Amino acid sequence: MSKRIYNHKAIEKKWAERWAENPINTPVDEDGNKKEKYYCLDMFPYPSANGLHVGHWRGYVISDVWSRYKLQQGKYIVHPMGWDAFGLPAENYAIKMGVHPAISTAENVEKIKLQIDQIAALYDWDMEVNTTDPGFYKWTQWIFVQMFKKGLAYEKEFPINWCPSCKTGLANEEVVNGSCERCNSTVTKKNLRQWMLKITAYGERLLKDLDQLDWPEKVRKMQSDWIGKSYGAEVDFAVKESEEKIRVYTTRPDTLYGATFMVLAPEHDLAKKLLTDAQREAGEAYIHAASMKSNVDRMQDKEKTGVFTGSYARNPLSKEWIPVWISDYVLIDYGTGAIMCVPAHDDRDFEFAKKFGIHIRQVIAKDGVAIEDMTEAYTEAVGSMINSGDWNGMESAVLKKEAAHMVAQAGFGEATVNYKLRDWVFSRQRYWGEPIPIIHCPICGNVPVPEEALPLRLPNVASYEPTGTGESPLAGIEDWVNCSCPVCGEKAKRETNTMPQWAGSSWYFLRYVDSKNEKELVSKEKMAEFLPVDMYIGGVEHAVLHLLYSRFYTKFLYDIGVVDFEEPFMKLFNQGMILGEDGQKMSKSLGNVVSPDALVDDYGCDSLRMYELFVGPPELDAEWDDRGIDGVNRFLRKLYNLLQDSLDNPVDETKDMLKLRHRMINDITHRLDNFSLNTVISGFMEYNNKLIDVAKQMGGIDKGTLETFAVLLSPLAPHFAEEMWASLGHRDTVFKAGWPVCDTKFLKDDEIEIAVQINGKTKAVVTISADADKETAIAAGKEAIGDRLTGTIVKEIYVPGRIINIVQK
RNA sequence: GCGGAUGUGGCGGAAUGGCAGACGCACUGGAUUCAAAAUCCAGCGGGGGUGACCUCGUGAGGGUUCAAGUCCCUCCAUCCGCACCA
């Protein structure tokens with residue numbers, strides 16, 4: 001029989017053109033009824049000059065398969081794409097190539113768009129946004145102004161994280177193990193005037209609302225750890241022969257009687273003040289040395305160092321005078337910057353006390369007895385109190401909860417909660433970002449640019465290279481910097497710092513649904529109709545960056561009435577990374593980057609889409625191996641041949657075929673629902689192999705089964721499915737077919753194959769009636785294993801539909 | 001140090017507590033071909049047996065169960081996150 005060959009190029013070209021003419025994703029159904037929306041969002045890329053590699057494809061394929069599955073279920077899919085085009089990567093590339101970042105960015109967008117088109121995803125380009133578009137960043141600036149008005153954006157000068165290579169300040173979230181998240185350079189400190197966003201004001205809500213999110217446990221845990229809430233007490237310790245008090249924060253007020261010394265951070269206000277004359281020289285030297293140490297050194301030098309101030313403070317419970325030390329293991333920006341030290345019950349305090357010969361007093365007896373000669377701290381709050389005055393005999397675990405209130409009642413402290421979360425260092429000393437819309441007026445102070453004057457456009461500048469001085473390149477443009485105050489008209493100066501790349505990405509998903517609105521960030525109607533995001537798909541690398549910032553922005557916009565939901569992303573899926581053949585992250589410098597372009601050309605979009613999913617479970621990393629794509633391509637070719645044979649030789653549907661068909665619907669649907677996309681593909685291969693076997697006997701497969709196959713396949717291989725659907729005589733798109741429903745009556749078998757075991761080891765397989773009773777089943781089983789049954793039968797087990805197990809001695 | 005993930009043939013991986021290795025890649029043999037590619041058929045965890053079969057086997061060791069890759073306990077390795085947060 002002469003066969004037409006599967007020609008991916010012709011088929012894919014044909015359907016790409018048809019879809020362009022007649023969009024398949026429509027907001028209303030055949031009868032003109034409005035469909036329910038489903039917003040499936042990809043983390044938008046920054047337009048890198050390197051283009052896409054097969055790893056980018058994977059995420060976009062996953063989201064598109066999911067979108068098309070929802071489309072087949074009758075939803076209107078909101079599936080937009082855009083460009084995170086401000087920021088350092090774009091700027092650094094532009095500097096390297098010697099072109100303006102606006103030009104290189106626009107070029108890269110065009111290139112990547114062509115590559116993205118090859119995926120054949122359902123993107124609605126009418127919604128496209130670009131963070132560098134003034135019509136977009138007008139609203140990025142507008143949000144900043146609203147935050148400023150609410151006191152959530154403020155200026156502060158303090159030593160911030162500084163990347164000497166990127167020549168800009170960084171947020172805490174951008175410092176990973178003491179290095180710059182972007183370029184990996186060691187981060188230093190630099191004293192700079194900064195714009196800050198008061199994300200800490202939202203700490204509690206950001207923590208609490210994590211509960212309601214359908215997000216990976218890992219990401220929720222990372223955010224909750226980053227926010228770092230703890231319960232405890234602040235306690236005052238009076239300084240001897242002084243009016244001063246030292247306030248400390250502790251999560252273990254139950255151990256207060258065990259506090260035998262105190263430590264101040266070197267930067268603490270009292271550190272210098274409490275130095276006695278005898279200790280002044282050594283103390284000041286220590287404080288100076290600490291100030292010269294980088295954060296990395298401080299983090300890595302775990303060996304305790306410190307200096308005694310010469311002063312004493314009184315433990316408010318034991319009434320003892322205890323020595324006050326200075327040490328850099330206490331951090332100035334957490335709690336009060338001072339701690340009470342209970343060496344018996346804290347590892348760090350124990351180490352310090354041992355090193356400097358400070359008294360250690362145990363106040364919790366592990367099993368009712370004090371440990372003689374402690375060799376390590378006993379840090380659990382389990383056991384009864386000793387050496388603790390009135391508290392003796394109480395259970396530590398109980399006291400831990402009550403002590404804070406007891407301290408508060410006694411008048412020397414209060415119960416408090418603390419967070420590790422810090423405010424967000426928001427300004428960057430670089431060119432390629434949104435100008436911060438603030439004017440510094442000598443009379444009025446900081447005044448926001450009036451809303452009607454937004455967007456405040458990024459001016460052209462002769463040199464956009466970073467200055468490295470802590471000033472943005474914008475500071476050099478005098479006629480831009482100098483302006484008049486919008487309030488009083490006096491001469492004033494513009495803020496010259498720009499926003500971080502996160503500014504645009506913190507809210508871009510809101511703008512897609514109303515991207516051309518000049519009057520509002522998003523209209524109430526569009527918001528109600530299309531927001532929030534139902535499914536968000538992207539890598540895990542943004543767990544405490546973009547994903548935390550977006551939640552903060554959304555909550556703020558909720559508070560000022562712009563949106564009516566508090567959480568932006570209902571469901572989150574983190575796809576695994578595609579690694580190079582060497583098991584390393586794909587990177588240009590390692591030379592292990594695989595481009596999708598040649599694969600699309602050789603095998604077609606549908607084959608690559610399927611192979612991207614077939615490489616492994618979508619949530620796990622996978623090493624790329626080009627050879628595997630032959631497998632899915634072979635699958636499509638075999639299916640194509642099967643289709644041609646069946647068209648040439650029509651056959652009627654049989655009961656067996658109906659069973660197979662509904663089993664296929666059931667399997668594929670389950671696997672899709674479980675997001676087990678790799679086994680969806682293997683499922684198709686299995687059914688394809690079964691159908692081919694049947695066709696060998698029957699000459700072909702009935703039309704109904706092939707139609708079902710086409711619909712099931714449509715989210716994964718959309719062109720192929722359309723071609724198949726059309727070949728079977730349909731004039732309309734397969735995407736209006738609707739997802740097939742499994743009729744469970746076809747799932748039942750009259751006869752089933754069941755394994756027969758002796759002592760749990762399978763010895764034979766028998767075919768018995770599905771509703772056989774135990775006696776019949778066991779009898780059949782025994783017959784099948786025959787003379788291998790040699791011992792005394794102890795037990796006979798029959799689990800219908802599952803197993804026959806004969807236990808013998 | 002703390003938290004999380006992962007560990008199954010040569011490789012990627014599959015298995016609601018019920019026949020371990022589906023599906024695919026690679027490989028081997030055969031058919032087809034002048035030849036190759038493509039395609040088709042067969043084989044493909046280890047050991048043993050001519051053979052029907054036997055036996056061991058899911059990182060290691062214990063346990064629960066008629067039955068464990070799967071559940072429980074104790075370890076080991078790799079990767080990821082956090083890390084002096086009092």
Side-chain angles (χ1 to χ4, degrees), chain A residues 3 5 176-178 216-219 221-222 224-226 228-230 232 248-253 255 259 262-263 265 298-304 327-331 333-342 345-349 351-352 379 418-422 540-541 543-544 576-577 583 610-611 614-617 619-632 634-635 637-638 641 670-671 674 676 678-689 753-765 788 794-799 801-808:
Chain A
K3 269 183 189 144
I5 304 295
V176 177
N177 288 329
E217 187 56 40
K218 179 192 166 93
V219 177
K221 178 98 171 55
M222 280 171 76
S224 126
D225 286 351
W226 189 260
K229 184 180 188 178
S230 66
V248 301
Y249 172 71
T250 178
T251 55
R252 293 296 302 278
T255 62
M262 305 186 76
V263 175
R298 248 175 99 156
M299 268 177 0
Q300 280 168 355
D301 296 348
K302 300 249 171 161
E303 175 73 28
K304 298 281 178 292
S327 171
D328 66 2
Y329 84 89
V330 175
L331 308 174
D333 55 358
Y334 180 77
T336 61
I339 60 169
M340 66 174 208
C341 300
V342 186
H345 303 288
D346 180 277
D347 291 327
R348 298 148 301 182
D349 298 347
E351 194 193 329
F352 195 87
T379 57
N418 238 304
Y419 299 88
K420 292 186 199 174
L421 184 68
R422 307 294 148 77
V540 74
E541 64 272 17
V544 288
M577 215 188 319
M610 294 188 81
Y611 185 53
F614 194 53
V615 290
E619 68 279 10
L620 298 183
D621 292 353
E623 283 173 30
W624 188 263
D625 180 355
D626 266 351
R627 288 176 298 187
I629 195 171
D630 281 320
V632 286
R634 236 166 248 152
F635 156 77
R637 294 199 319 251
K638 286 200 277 190
N641 289 341
H670 266 115
R671 293 174 189 197
N674 293 333
S676 178
N678 53 326
T679 64
V680 169
I681 310 288
S682 47
F684 275 122
M685 289 173 170
E686 276 177 74
Y687 280 104
N688 194 34
N689 292 343
E753 284 194 342
I754 189 163
V756 186
Q757 303 181 327
I758 299 175
N759 293 349
K761 308 219 170 199
T762 301
K763 299 293 173 187
V765 175
R788 270 169 283 179
V794 192
K795 205 167 178 181
E796 292 169 338
I797 289 159
Y798 171 55
V799 184
R802 299 233 179 270
I803 207 81
I804 294 167
N805 189 11
I806 316 285
V807 186
Q808 67 172 15

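No experiment lies behind these values; they were computed from the predicted model shown. Letters A, B, ... are given to chains in the order of the sequence lines, protein chains preceding strands, and every chain is numbered from 1.
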| request: Look at all strands and tell whether N689(A) reaches a base, only sugar-phosphate, or nothing, counting heavy atoms closer than 4.0 Å. | output: sugar-phosphate
| remark: To the nearest angstrom, the OH-C1' distance between Y329(A) and A86(B) comes to 8 Å
| note | Smallest heavy-atom separation, R252(A) atom then M340(A) atom, equals O-CE, 3.7 Å
| said: Looking at every non-hydrogen atom in both residues, tell me the closest pair between Y249(A) and T336(A) and how far apart they are. | reply: N-OG1, 3.6 Å
| request: Round to a whole Å and report the spacing from CG of D333(A) to C1' of C84(B). | output: 13 Å
| remark: From the candidates C19(B), G3(B), A86(B), the one with an atom nearest any side-chain atom of Q757(A) is C19(B)
| How many Å lie between CG on D621(A) and C1' on G4(B), as a whole number? | 14 Å
| query | Which one, A86(B), A14(B), C19(B), comes nearest to the side chain of P617(A)? | reply | A14(B)
| query | Over how many whole Å does the gap from I758(A) atom CD1 to A67(B) atom P extend? | reply | 14 Å
| remark: Of the candidates C54(B), C19(B), G12(B), the side chain of F614(A) sits closest to G12(B)
| message | Show, in sequence, the C-alpha distance, side-chain angles and deciding distance for W624(A) and Y611(A), and conclude whether the side-chain contact (heavy atoms from CB on, under 4.5 Å) test is met. | response | CA-CA 10 Å; W624(A) 188 263; Y611(A) 185 53; 3.6 Å; yes
| Nearest-neighbour nucleotide for the D630(A) side chain, A26(B), C19(B), A22(B) considered | A26(B)
| request: Rounded to the nearest angstrom, tell me the gap between atom CG in N678(A) and atom P in C25(B). | output: 16 Å
| said: Tell me the interatomic distance from I629(A), atom CD1, to G12(B), atom P, rounded to whole angstroms. | reply: 19 Å
| query | Are R422(A) and D333(A) close enough for a salt bridge, meaning some N to O gap below 4.0 Å? | reply | yes
| query | When you check the glycosidic angle of G61(B), does it come out syn, meaning within 90° of 0, or anti? | reply | anti
| query | Say you pick atom C1' in C23(B) and the same atom in U8(B); how far apart are they, in whole Å? | reply | 15 Å
| query | In the strands shown, is C23(B) matched to any nucleotide by a Watson-Crick or G-U wobble pair with both distances under 3.5 Å, and which? | reply | G12(B)
| query | Counting any heavy atom closer than 4.0 Å, what does V807(A) reach on the DNA or RNA strands: base, sugar-phosphate only, or nothing? | reply | sugar-phosphate
| said: Over all strands shown, is V615(A) touching base, sugar-phosphate only, or nothing at heavy-atom distances under 4.0 angstrom? | reply: sugar-phosphate
| task | Searching all strands shown, indicate the nucleotide that pairs with C40(B) (Watson-Crick or G-U wobble; both distances under 3.5 Å). | result | G30(B)
| query | C66(B), C80(B), C19(B): which one has an atom nearest the side-chain heavy atoms of I797(A)? | reply | C66(B)
| Check: C19(B) base within 3.5 Å donor-acceptor of K761(A) side chain | no
| cation_pi(K304(A), Y329(A)) dist<6.0 Å, angle<=45 | yes
| message | Counting only side-chain heavy atoms from C-beta out, which of A86(B), C84(B), A83(B) sits nearest to D346(A)? | response | A86(B)
| message | Working note: N674(A) + T679(A), criterion side-chain contact (heavy atoms from CB on, under 4.5 Å); need CA distance, chi angles, decisive distance, verdict. | response | CA-CA 10 Å; N674(A) 293 333; T679(A) 64; over 6 Å; no
| note | Of the candidates C84(B), C23(B), C54(B), the side chain of E686(A) sits closest to C23(B)
| request: Could you tell me which nucleotide pairs with C66(B) by Watson-Crick or G-U wobble geometry, both distances under 3.5 Å, or answer none if nothing does? | output: G18(B)
| Does a nitrogen or oxygen in the side chain of Y334(A) sit under 4.0 Å from OP1 or OP2 of A86(B)? | yes
| message | Assuming nearest nucleotide by heavy-atom distance, tell me which of V544(A) and M685(A) is located more 5' along RNA chain B. | response | M685(A)
| task | Take atom C1' in G18(B) and the same atom in G7(B), then report the distance between them in whole Å. | result | 24 Å
| field | Short side-chain N/O contact from S230(A) to OP1 or OP2 of A86(B), under 4.0 Å | value | yes
| field | T762(A)/Q757(A) under side-chain contact (heavy atoms from CB on, under 4.5 Å): CA gap, chis, key distance, verdict | value | CA-CA 4 Å; T762(A) 301; Q757(A) 303 181 327; 3.5 Å; yes
| message | Assuming nearest nucleotide by heavy-atom distance, tell me which of V632(A) and N418(A) is located more 5' along RNA chain B. | response | V632(A)
| When the P atoms of C25(B) and C72(B) are considered, how many whole Å apart are they? | 36 Å
| task | Name the pairing partner of C84(B), where a pair is Watson-Crick or G-U wobble with both distances under 3.5 Å, or state none. | result | none
| query | Does any non-hydrogen side-chain atom of C341(A) lie less than 4.5 Å from one of F352(A)? | reply | no
| task | Assign E217(A) to base, sugar-phosphate, or nothing according to its heavy-atom contacts below 4.0 angstrom with the strands shown. | result | nothing
| said: Considering every strand and a 4.0 Å limit on heavy-atom distances, what is the contact class for N805(A): base, sugar-phosphate, or nothing? | reply: base
| field | Sugar-phosphate, base or nothing in reach of K638(A), heavy atoms under 4.0 Å | value | sugar-phosphate
| task | Give a yes/no on whether any side-chain N or O of R637(A) is located under 4.0 angstrom from OP1 or OP2 of A38(B). | result | no
| Whole Å only: how far is the NZ atom of K218(A) from the P atom of C79(B)? | 14 Å
| task | Report yes if at least one side-chain N or O of R634(A) is closer than 4.0 Å to OP1 or OP2 of C25(B); otherwise report no. | result | yes
| field | Integer angstrom distance from the C1' of C11(B) to that of G47(B) | value | 23 Å
| Across the strands shown, which category fits K795(A) at heavy-atom distances under 4.0 angstrom: base, sugar-phosphate, nothing? | sugar-phosphate
| field | Which nucleotide in C23(B), A14(B), C84(B) has an atom nearest any side-chain atom of D328(A) | value | C84(B)
| query | Looking at the side chain of I339(A), which of G81(B), U55(B), A86(B) is the nearest nucleotide? | reply | A86(B)
| message | With a 3.5 Å limit on both atom pairs, tell me what G7(B) is paired to, counting Watson-Crick and G-U wobble, or say none. | response | C76(B)
